[in-house]
Amino acid sequence: MKKEITDILIIGAGPSGIVAASYLHKYGVSIRVVEKAIFPRFNIGESLIPQCMDNLEEAGLLEAVKKAGFQKKFGARFIRDNEIGEFDFSKKYGEGWDWTWQLPRADFDMVLAEEALRKGIDIQFGAEFLEVHFDEDGSSVSTIQTREGELIEISAKHIIDASGYGRVLASQLDLEAEPQIAAHSSIFTHITETDRPEGKEGEVITFEVMEQKVWFWYFPFSNGNSSLGFVAPNEWFEQFSEDNSAAMREMMQQLQYYGGRFDNYKFLFTPKRVENISKNVTRLYGKGFVLTGNSAEFLDPVFSSGVSFATASGLLAAKLILREFKGEDVNWEKEYIEYVKRGVDVFSSYVREWYSGNLQKIIFHPNPRPIIKAQICAVLAGYVWDETNPFVKKHDRILHNFAKLIEMEEDHSPV
C-alpha cells in the first residue's frame, strides 16, 4: 500500500474544501485534497449570495471566478399570485458586496478546482475515502482508493471534512443528527432557454410561491441554460408520477406566473430528486478533525445559503488550524462552533418563518418600510453575523412579531 504524509487532509474539492485549501496553501501548509467525483460534476447550490464573495476573495479565488463570465446576480424576486417582493442587494443594510453570481455548479466548482491546481495544490480526483483512524493527539491515518483501485494510506495532522452530501466523517464517526428544518424534498433539471426574455425577466432569479410550503425556482445562467426546480414537504410529491420527467411536467402545469413558459423545452437531464434536504450533525469538531459546509449542516435551498456557509466555514476552519500550527491556543468551541452556529441559527429562523408564512407576509407586504426591507435584504445577502442589524440580533422573534403587526394592520384596515 502506498503511504503519504501531509499536514492537512481535505475531503472534498467543492467550494468549502477549495477555499480552505487555497487559504492554507498561501501560508505554506502542505495539503492533500481527495475528491470522490471526477470533475466537472453536477451539483446543486447554483445561486450564490454576496457574503460568499468575501470568502472567495480572502482565499485568493475571486479573480478566477470573475474571469469565468457567470451571470451576475444583483438581488432576488419572490412571486405569489399577483404579489411581488423584490430585493436589491445594493439597497441592503450595512457594508458588504452588493452582487454575486448564479451559475452552473459544475462550471463554478471546476473553476475553483482548476485555480487550486494552478496554485500547486494537490487534488486527487476519483478517490473514495474508505476509513480513518485517529490517535490520541488528533493525528490520523486515512485509507483512500483511487479509481484505478490503488490503495493509499495518508497520514495527516488534521482533517477538514468538506465532503458535502458525501458526509464522510458524519458517517464514519456516527455524527448524524436530527435536522433543524422539517423534512422537505426537491426535484430539478436544466433547460436550454432559446427564447429567453430580454432584460430583467431573463436575468433575475425568481422564486414562485405555489402554496405556503411549496415553491418553484428559476435561475437563468449566462450560457443560455436555466435551472428549474421545486421544493416542498415530502408528502406533496406523492401526488405526482414516480417517473421524474413526467412528475416535473405535471408540477410545471401548476405554475401560475411561469405557467406554460417552459413547456416546450427538453430537459437537459432527467430531473433529479433529493429527498430530506436538510442535514445536521451532533458536533462540528473533534480532536484532529473539523466539519465544514454541507458535511456539517444544510438547512434549505430557499435563501441560497449553502455556498456561503460552505465557504465561510471552510475559511474559518483553515484560519484556526493555521493558528494552531503556529503554536497558538484555539478555542474551537467558541471560535468555530459558536460562530458557525450563530449564523446557522439566523438562517434557520428565516427558513422556519418562511414555511410558517410569517416571512412571506413581510416579503409580500405592499408598502414595506425601507429600513426594514434593507435589514432583511442584508440577511438574504448572507450577512448573518452583523448584530448591528436587529433582524440578525433578534432573529428568533422579530419576524414573528412583525408578521403579527401586519395581521393587526390588516384587521383594522377600512373595508
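Worth saying up front: this structure is predicted, and the values here are computed from it rather than measured.
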Next item on the list: Check salt bridge (charged side-chain N to carboxylate O under 4.0 Å, His left out) between Glu335 and all other residues, then give those that pass, not counting sequence neighbours.
Entry: Arg323
Which heavy atom of [X] sits nearest a heavy atom of [Y], and at what distance?
| X | Y | value |
| --- | --- | --- |
| Ala403 | Asn358 | CB-OD1, 3.3 Å |
| Ala127 | Val34 | CB-CB, 4.3 Å |
| Leu169 | Asp161 | N-OD2, 2.8 Å |
| Ala106 | Pro40 | O-CB, 4.0 Å |
| Lys119 | Gly60 | NZ-O, 3.3 Å |
| Asn244 | Ile187 | O-CD1, 3.7 Å |

Under 3.5 Å donor-acceptor, [X] side chain and [Y] backbone:
| X | Y | answer |
| --- | --- | --- |
| Ser349 | Asp345 | yes |
| Ser222 | Gly69 | yes |
| Ser16 | Ala310 | yes |
| Glu208 | Gln256 | yes |
| Asp98 | Ser90 | no |
| Glu211 | Lys213 | no |
| Ser30 | Thr6 | no |
| Asp137 | Ser139 | yes |
| Asp243 | Ala246 | yes |
| Ser22 | Ile18 | no |

Between [X] and [Y], is the gap from one ring center to the other below 6.0 Å?
| X | Y | value |
| --- | --- | --- |
| Phe347 | Phe309 | yes |
| Phe402 | Phe391 | yes |
| Phe188 | Phe230 | no |
| Phe216 | Phe207 | no |

Quick check for you: to the nearest 0.5 Å, what is the distance between [X] atom [atom1] and [Y] atom [atom2]?
| X | Y | atom1 | atom2 | value |
| --- | --- | --- | --- | --- |
| Asp88 | Lys373 | CG | NZ | 9.0 Å |
| Ile152 | Gln145 | CD1 | CD | 10.0 Å |
| Leu173 | Arg167 | CG | CZ | 12.0 Å |

Relative to [Y], does [X] satisfy both conditions: NZ or CZ under 6.0 angstrom from the six-membered ring centre, and within 45 degrees of the ring's axis?
| X | Y | value |
| --- | --- | --- |
| Lys287 | Phe289 | no |
| Arg249 | Phe267 | yes |
| Lys92 | Phe87 | no |
| Lys341 | Tyr336 | no |
| Lys334 | Tyr339 | no |

Heavy-atom neighbours of [X] [atom1] exceed 12 at 6.0 Å:
| X | atom1 | answer |
| --- | --- | --- |
| Glu95 | CD | no |
| Ile5 | CD1 | no |
| Lys36 | NZ | no |
| Lys26 | NZ | yes |
| Glu136 | CD | no |

[X] side chain to [Y] side chain, donor-acceptor N/O pair below 3.5 angstrom:
| X | Y | answer |
| --- | --- | --- |
| Asn225 | Thr192 | yes |
| Tyr383 | Gln375 | no |
| Tyr218 | Ser227 | no |
| Tyr350 | Ser305 | no |
| Thr143 | Glu153 | no |

Do [X] and [Y] come within less than 4.5 Å of each other through their side chains, counting heavy atoms only?
| X | Y | value |
| --- | --- | --- |
| Ile8 | Ile159 | no |
| Lys266 | Ile191 | no |
| Tyr285 | Trp332 | yes |
| Asp54 | Leu315 | no |

Note to self: As a quick check of understanding, evaluate side-chain hydrogen bond (donor to acceptor under 3.5 Å, both in side chains) for Glu46 and His190, giving each step before the final call.
What the structure shows: CA-CA 11 Å; Glu46 301 160 325; His190 287 178; 2.6 Å; yes
In plain terms, say whether [X] and [Y] are close enough for a salt bridge, that is, a side-chain N and a carboxylate O under 4.0 Å apart.
| X | Y | result |
| --- | --- | --- |
| Glu324 | Lys326 | no |
| Lys200 | Glu203 | no |
| Arg261 | Glu201 | yes |
| Lys361 | Glu83 | no |
| Glu242 | Arg273 | no |

For the residue pair [X] and [Y], categorise the inter-ring angle as parallel (less than 30°), tilted (30 to 60°) or perpendicular (more than 60°).
| X | Y | value |
| --- | --- | --- |
| Phe39 | Phe125 | tilted |
| Trp99 | Trp101 | perpendicular |
| Phe364 | Phe78 | perpendicular |

Check: Which of these, Trp217, Trp354, Tyr355, sits in a ring-ring contact (aromatic ring centres under 6.0 Å, His included) with Phe303?
Finding: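 Single pass found, and it is Trp354.
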Margin query: Among residues at least two apart in sequence or on other chains, which ones pass ring pair (Phe, Tyr, Trp, His ring centres under 6.0 Å) with Phe129?
Written below: none
Margin query: Under the criterion side-chain hydrogen bond (donor to acceptor under 3.5 Å, both in side chains), I'd like the reasoning laid out for Ser313 against Thr292: C-alpha separation, chi angles, the key distance, then a yes or no.
Written below: CA-CA 5 Å; Ser313 58; Thr292 68; 4.6 Å; no
Note to self: side-chain hydrogen bond (donor to acceptor under 3.5 Å, both in side chains), that's the test. Do Lys73 and Ser47 meet it? Break it down for me.
What the structure shows: CA-CA 8 Å; Lys73 173 184 170 183; Ser47 171; 2.6 Å; yes
Next item on the list: Please test Tyr265 against Ser226 for side-chain hydrogen bond (donor to acceptor under 3.5 Å, both in side chains), starting from the C-alpha separation and ending with a verdict.
Entry: CA-CA 11 Å; Tyr265 290 113; Ser226 298; over 6 Å; no
Item checked: salt bridge (Lys or Arg N to Asp or Glu O under 4.0 Å) partners of residues 104-113, not counting sequence neighbours, each pair once -> Arg41-Asp109, Arg105-Asp109
